[in-house]
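Residue numbers begin at 1 in each chain, while the letters A, B, ... track the order of the sequences. The basis for the numbers below is simple: all heavy atoms, side chains too, and nothing from hydrogens, waters or symmetry mates. Everything quoted here is computed from the prediction, not taken from an experiment.
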Amino acid sequence: MAAWNWSSKKDAYRLFIKRQRRNLPFLKRRPRSSRNLLRNRHLRRPNRRNPTRPKRKRMMTINISRRRPPREESMSDNVVTRIAPSPSGFLHVGTARTAIFNYLFARHNDGKLLFRMEDTDPERSKEEWKEAIINAMKWLKLDWDGEIIYQSQRIDIYKEYALKLQELGNAYYCYCTPDELEAKRKKALEAKEFVGYDRKCLHLSEERRQELDAKGVPKALRIKTPHEGLASFSDIVGGDLTRDYLEMDDWVIMRSDGRCTYNFCCVVDDHLMGITHVIRGNDHIINTFRQCTVYDRFGWDRPNFAHIPLILGKDRSKISKRHGAVSVMDYDTQGILPEAMFNFLSLLGWAPGDDREIMTRQELIDAFTLERVTGANPIFDPVKLEWMNAEYIRNMDDNEILDRVRWVMIDAGLTTRLSVEAHWHWMLQVVRLLKERVKTLRDFPTQARYFFTDEYEYDEKGERKHFSDSAVIALLIALRDEFSGLSDGFGEDEIEKALRSLAERLEMKPAKLIHPTRLALTGLTGGPGLFELMHVLGKEKCIARLDRAIEYLEEKFS
RNA sequence: GUCCCCAUCGUCUAGUGGCCUAGGACAUCGCCCUUUCACGGCGAAAGCACGGGUUCGACUCCCGUUGGGGACGCCA
């Protein structure tokens with residue numbers, strides 16, 4: 001088959017170069033440059049912008065390395081993706097983003113999104129984390145298909161498959177002690193050599209093995225990894241990825257206590273669950289090389305892989321639950337809307353290709369393809385998230401906002417559950433005045449404080465600006481009288497008319513009256529339009545607060 | 001250290017060899033609107049990491065340098 005020849009020649013060449021480097025000390029001194037000999041990008045990654053490589057050849061590469069039909073065909077298959085968090089902490093933004101990509105891809109292709117809890121480590125898995133992760137998934141409305149699969153309930157299945165692999169002759173027992181291995185690892189690391197298992201127990205004689213078994217020495221099961229050639233797989237984001245088998249070792253698939261390890265369980269489950277597309281962070285690329293060995297040793301078809309770039313923090317290192325948790329639910333408490341979070345996260349490492357940024361879930365689903373996923377790791381920018389959040393709040397229905405923000409208001413001690421229900425309509429007016437001015441739901445209680453309580457101080461700067469002259473007292477008195485004389489109601493128009501006509505009579509700019517009034521009524525220098533907020537506050541409160549300010553100022557200037 | 005991945009404004013990104021004098025968004029700054037704050041409108045500043053090569057022509061393809069990230073467990 002021509003395709004096979006073409007690809008294997010290239011593989012052989014790359015392998016040759018790699019070996020050359022290994023054997024030639026003068027090349028070894030320049031690892032970077034010699035390594036880059038291998039960077040025949042056109043061999044690895046179909047370039048979107050300038051595909052010099054004929055398409056026919058590209059498809060052949062995919063054929064040989066993936067042993068699957070080319071992507072164009074597999075797309076029409078029933079897509080099954082999965083999200084597989086490990087409950088060793090809250091759902092953090094990186095995992096959430098991976099979940100979103102899996103979700104979008106599945107929904108775009110009318111496929112399924114499965115949920116698997118990777119809770120095989122009893123030391124680190126906690127029930128409360130599982131619950132927290134599920135809640136966070138629900139918060140983002142990442143609805144998955146079917147029941148959640150818990151790996152902790154499937155340990156017998158993994159063991160069964162591990163033993164099967166051993167029977168097949170593709171795995172062998174290792175009697176080395178963890179201490180022994182740790183010492184070797186340390187030594188290799190110090191000698192700056194390849195760190196990996198030396199296959200000591202692969203060559204154990206049958207007698208020796210029986211001897212050790214008789215003694216009851218604990219044994220782990222290791223998979224037989226090919227000793228030479230190139231490991232390779234085709235990645236939808238990264239193109240053809242290769243690695244020398246010399247750089248890989250016979251890793252443990254089953255621990256001495258009979259529990260299987262992550263990379264093994266993962267493959268068994270992905271196979272059994274019928275996963276067609278494995279979409280995960282690119283920190284898993286090395287795992288994928290390992291996992292491919294399992295697929296191959298079992299003779300199973302490999303799924304399609306897509307390794308998406310990692311989200312980085314401000315310091316450019318991976319946002320990780322191990323170094324300071326960045327939980328999605330932290331953003332909930334910060335007053336970020338799940339819709340905004342979803343939108344924002346989906347735009348990290350992916351873009352629709354046009355200028356759209358604010359997109360509904362359906363628009364995201366319609367536009368999402370893995371081919372458009374970027375290769376570079378994006379940095380999480382909370383400032384832009386806030387902007388997007390503000391955008392969502394501004395465009396959201398008032399009732400919807402109030403429904404979500406009422407708990408924040410109650411938490412802040414500004415109101416009570418009963419009061420919200422009793423004054424729903426009035427609260428809506430407050431929301432309407434503030435929704436243009438907040439970035440998060442948390443901003444509501446701080447900006448709406450004066451609507452709920454008389455306990456506020458006058459802003460320091462504002463006081464210097466508008467309360468610095470005793471002449472302001474007379475103005476406030478005049479205004480108070482003007483307002484209390486209003487008999488046709490206390491609507492915005494009446495208030496505005498009253499204030500402006502007073503200003504006219506006093507031959508001064510309305511602003512001269514407006515600013516001190518705002519300070520008197522709210523304690524602030526900014527906020528909604530004065531006439532609007534006075535209307536919402538009500539005549540009685542306005543008069544009382546003007547009186548309070550007059551009193552305060554009289555004392556101040558006496 | 002070894003291996004793997006990546007590289008366009010400060011940040012997220014568009015870019016499929018000529019439509020690029022590089023487009024959009026956030027942030028920043030200015031102006032306008034305006035009773036303030038915000039919103040909105042208009043505008044400015046800001047980027048193809050560097051060096052070679054291929055080509056009539058390179059942000060785009062190739063090689064290298066540099067820089068960044070990740071992985072190197074009987075964790076997941």
Worksheet item: When you compare B/C62 with B/C20, how far apart are their P atoms, in angstrom units rounded to a whole number?
Response: 24 Å
Worksheet item: Given atom CG of A/Asp381 and atom P of B/U11, what is their separation to the nearest angstrom?
Response: 10 Å
Fill in: Atom P, compared across B/A71 and B/U11: separation rounded to whole Å
22 Å
Worksheet item: In whole angstroms, how far is the C1' atom of B/A76 from the NZ atom of A/Lys126?
Response: 15 Å
Item to complete: Kindly write out the residues that satisfy ring pair (Phe, Tyr, Trp, His ring centres under 6.0 Å) with A/Phe467, not counting sequence neighbours, or none if the list is empty.
Response: A/Tyr458
Fill in: Side-chain heavy-atom pair A/Glu228, A/Tyr245 within 4.5 angstrom cut-off
no
Worksheet item: Which of the following nucleotides, B/C75, B/G70, B/C5, is nearest to the side chain of A/Asp121?
Response: B/C75
Worksheet entry | Rounded distance in Å between the C1' positions of B/A46 and B/U21 | 16 Å
Worksheet item: How many Å lie between CG on A/Leu310 and C1' on B/C4, as a whole number?
Response: 13 Å
Worksheet entry | Gap between atoms CD and P, on A/Gln291 and B/C75 respectively (whole Å) | 16 Å
Item to complete: Return the set of residues passing ring pair (Phe, Tyr, Trp, His ring centres under 6.0 Å) with A/Phe101 (not counting sequence neighbours), or none when no residue passes.
Response: A/Phe368
Discussion item. Under 4.0 Å, heavy atoms only, any strand: does A/Thr261 hit a base, just the sugar-phosphate, or nothing?
Written reply: sugar-phosphate
Discussion item. What is the distance, to the nearest angstrom, from the CD atom on A/Glu247 to the P atom on B/G70?
Written reply: 20 Å
Discussion item. Between B/C5 and B/G41, how many Å separate the two P atoms, rounded to a whole number?
Written reply: 44 Å
Discussion item. Would A/Arg124 and A/Asp121 count as a salt bridge (charged side-chain N to carboxylate O under 4.0 Å, His left out) here? Give the steps.
Written reply: CA-CA 6 Å; A/Arg124 300 204 312 158; A/Asp121 185 350; 3.6 Å; yes
Worksheet item: Nearest to the side chain of A/Arg255 - B/A25, B/A14, B/C75?
Response: B/C75
Worksheet entry | Euclidean distance, atom CG of residue A/Asp249 to atom P of B/C3 [Å, nearest integer] | 15 Å
Discussion item. Closest approach to the side chain of A/Lys384, judged atom by atom: which nucleotide of B/C26, B/G1, B/C74 is it?
Written reply: B/C26
Response to the item:
Rounded to whole Å, CG of A/Asn287 lies from P of B/C75 at a distance of 13 Å
Worksheet entry | RNA chain B contacts made by residues 344-355 of chain A, counting heavy atoms under 4.0 Å | A/Leu347, A/Leu348, A/Gly349, A/Ala351, A/Gly353, A/Asp355
Fill in: Pairwise side-chain hydrogen bond (donor to acceptor under 3.5 Å, both in side chains) hits with a residue in residues 510-531 of chain A, at least two apart
none
Practice prompt. Under 4.0 Å between any heavy atoms, over every strand shown, what does A/Glu357 touch: base, sugar-phosphate, or nothing? Just pick one.
Written response: base
Worksheet item: Can you name the residues that form a side chain to side chain contact (heavy atoms under 4.5 Å, CB included) with A/Glu118, not counting sequence neighbours?
Response: A/Ala84, A/Ser86, A/Arg116, A/Gln151, A/Tyr262
Item to complete: Ignoring backbone atoms, test whether A/Lys318 places a side-chain nitrogen or oxygen under 4.0 Å from the OP1 or OP2 oxygen of B/A71.
Response: yes
Worksheet item: Between A/Ser501 and A/Glu482, is any pair of side-chain heavy atoms under 4.5 Å apart?
Response: yes
Worksheet item: What nucleotide among B/C74, B/C5, B/C12 has an atom nearest to a side-chain atom of A/Ile379?
Response: B/C12
Worksheet item: Is any side-chain N or O of A/Arg124 under 3.5 Å from a base N or O of B/C75, one able to act as donor and the other as acceptor?
Response: yes
Discussion item. I'd like the P distance from B/C33 over to B/G69, given in whole Å.
Written reply: 48 Å
Worksheet entry | Atom-to-atom span, CG of A/Leu312 to P of B/U13 - whole angstrom | 11 Å
Worksheet item: What do you reckon, are the aromatic ring centroids of A/Phe344 and A/Phe380 less than 6.0 Å apart?
Response: yes
Worksheet item: Looking at A/Thr120, does any N or O in its side chain come under 4.0 Å of the phosphate oxygens OP1/OP2 on B/A76?
Response: yes
Discussion item. Taking any heavy-atom pair under 4.0 Å as a contact, classify A/Cys176: base, sugar-phosphate, or nothing.
Written reply: base
Discussion item. Going by side chain to side chain donor-acceptor pair (under 3.5 Å), name the residues that satisfy it together with A/Lys224, two or more places apart in sequence or in a different chain.
Written reply: none
Discussion item. With rounding to the closest Å, how many angstrom separate the P atoms on B/A22 and B/A38?
Written reply: 32 Å
Worksheet item: Think A/Arg316 has a side-chain N or O under 4.0 angstrom from the OP1 or OP2 of B/G70?
Response: no
Practice prompt. Compare side-chain N and O positions of A/Arg356 against OP1 and OP2 of B/C12 and report whether any pair is under 4.0 Å apart.
Written response: no
Item to complete: Go through the structure and list residues passing side chain to side chain donor-acceptor pair (under 3.5 Å) with A/Glu123, not counting sequence neighbours.
Response: none
Worksheet item: When you check every protein heavy atom under 4.0 Å of nucleotides 31-51 of chain B, what one-letter string (B, S, -) results, 5' to 3'?
Response: ----BBBSS------------
Discussion item. Please enumerate all residues that pass side chain to side chain donor-acceptor pair (under 3.5 Å) together with A/Gln334, with sequence neighbours excluded.
Written reply: none
